Each structure stands twice: as C-alpha cells, then as structure tokens.
Amino acid sequence: MTLANRITIGRLVLVPVFIGLVMTYTRDRQWLRYAALGVFVTAAISDGIDGFIARAYNQKTKLGAVLDPLADKLLTNLALVFLAVNDQLRTPIPAWFPVLVLGRDVIIVIGAYLINEYFGPVRARPQISGKLTTAFQMALIIAVLLELPTRFVFGILYFTLAVAVVSFADYLRTGIKQVGNEDQA
C-alpha cells in the first residue's frame, strides 16, 4: 500500500473522531471545540499532502482514486451536518446548508452513475470549481470552529454556496456534453 493511500486512510479514521468531538461539545467544554479544530485541520492538511505525494512520487492508484474523494466528502459533509445540529456553537451552520450541499453531491453521484451505466465510462475529471468548493467548505468549517464573527462566517457560507452552484453547473455541463457525444456516435 502506498504512502498516499495510508495518509488517506488516516484521514478516514479521523472522521469519526472529529464527529465525536463535535457531538459532545458544549460551551462549558471548550477544549472539545479546539480538539475538533485540530483534528479537522490535520485531516484537511493531509488531503493536500496525500495528493502531492501521489503525484510527485507516482503513487496514483485505483484505490486512492476512490478513497481520496470519499474521505473528502465524508469529512466535509459530515462536518457540515454535525456543525449544523450542535446549537452550542457560537455560529452553527444553518440546517438548510448541509441539505443543499448533500443534495448537490447526491445528484452529481447519481448523474455519474447513470452516465456510466447507459453511456459508457464517465470521463469526468475533477473540476477546479469542485476543488474550490471543497476548499471553501473546509474554510467555513474552520471559521465555525474558530468562532469567528457571525457576519464573517455567513460571508464564507454564502460564497461557498455560490462556488458550489458554479461547480454543480460545471459537472452538469460536463455530463450533458458526454451524453451528447455518445448520442452522436
């Protein structure tokens, strides 16, 4: 198993640790918020490190191609959900936000499955807008855990939402283009 894949698996292991810390956080136990922040930042940094190692040292694998985005989605989406339900946070994420983010991801996955099933292998590559969406989601999570001012947190939230909409449109356009090309063949 490659070093990059081991780092990704380590990130997957950090997901339930992070969730446990956020779930048990209360205002009188601030250390849990700081611990959750440390775990999340460690996981977020590991995302960049494993990608760098995979590219720089030719450690790209099929397993990594599946585990890396899975780890990213589990980390960010579950963080958004659990930060939305913990009312002890200074600025919890509004409940509608993770619903939209998860809805976007579910539609993208269903679309990719349908294209793969009916039009051949999906030829979608990660979009820069998708990478930006993940980066801004991570920034939002960090801002909530740092208890930055509410206006700042909501500024990041709405900017993240805008980038997610652009990303969704990019993936939709790519999928429609692939289906259109298959119909012409």
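Since we're looking at a predicted model, the values are computed, not measured. We count residues from 1, following the sequence as given.
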With clusters defined by side-chain heavy atoms of hydrophobic residues (ILVMFWY) lying less than 4.5 Å apart, directly or transitively, does [Y] cluster with [X]?
X    : Y    : value
L12  : M23  : yes
V39  : V41  : yes
I45  : L78  : yes
F159 : F97  : no
V99  : I107 : no

State, with a plain yes or no, whether a side-chain heavy atom of [X] is found less than 4.5 Å away from one of [Y].
X   : Y    : answer
T91 : F152 : no
L83 : P92  : no
I7  : F52  : no

Can you tell me how far [atom2] of [Y] sits from [atom1] of [X], rounded to the nearest 0.5 angstrom?
X    : Y    : atom1 : atom2 : result
R27  : N86  : CZ    : CG    : 8.5 Å
T42  : F40  : OG1   : CZ    : 10.5 Å
I19  : L14  : CD1   : CG    : 11.0 Å
R29  : Q88  : CZ    : CD    : 10.0 Å
R11  : L67  : CZ    : CG    : 9.0 Å
L100 : F168 : CG    : CZ    : 11.0 Å

How close do [X] and [Y] get, heavy atom to heavy atom, and via which atoms?
X    : Y    : value
V15  : L74  : CG1-O, 4.2 Å
L157 : P94  : CD1-CD, 3.5 Å
I115 : G175 : CD1-CA, 3.5 Å
S167 : R104 : OG-NH2, 2.5 Å
A36  : V22  : CB-CG2, 3.9 Å

Pick one: which of L70, V13, L3, D50 meets side-chain contact (heavy atoms from CB on, under 4.5 Å) with T8?
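So the option named by the test is D50.
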Any pair with a residue in residues 52-64 that passes side-chain hydrogen bond (donor to acceptor under 3.5 Å, both in side chains), sequence neighbours left out, goes on the list, sorted by first then second residue, please.
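Counting only pairs at least two positions apart or across chains, the side-chain hydrogen bond (donor to acceptor under 3.5 Å, both in side chains) contacts touching residues 52-64 are N5-T61.
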Under 3.5 Å, sequence neighbours excluded: what are the donor-acceptor pairs made by side chains of residues 129-146?
{"residue": "S129", "atom": "OG", "partner": "D170", "partner atom": "OD2", "Å": "2.6"}
{"residue": "T133", "atom": "OG1", "partner": "S129", "partner atom": "O", "Å": "2.8"}
{"residue": "T133", "atom": "OG1", "partner": "V163", "partner atom": "O", "Å": "3.4"}
{"residue": "T134", "atom": "OG1", "partner": "G130", "partner atom": "O", "Å": "3.3"}

Step-by-step side chain to side chain contact (heavy atoms under 4.5 Å, CB included) determination, F82 to V85
CA-CA 5 Å; F82 284 95; V85 298; 4.3 Å; yes
So does Q127 get a backbone contact from the side chain of Y171, meaning a donor-acceptor N/O pair under 3.5 Å?
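Yes.
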Among D105, D68, D47, which residue satisfies the salt bridge (charged side-chain N to carboxylate O under 4.0 Å, His left out) criterion with K73?
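Filter result, single survivor: D105.
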Checking side chain to side chain contact (heavy atoms under 4.5 Å, CB included) for the pair R90/V153: CA distance, chi angles, key distance, verdict?
CA-CA 10 Å; R90 177 178 176 187; V153 170; over 6 Å; no
With a sphere of 6.0 Å drawn around CH2 of W31, does it hold more than 12 non-hydrogen atoms of other residues, nucleotides or ligands?
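No, because the 6.0 Å sphere around CH2 of W31 holds 12 heavy atoms or fewer from other groups.
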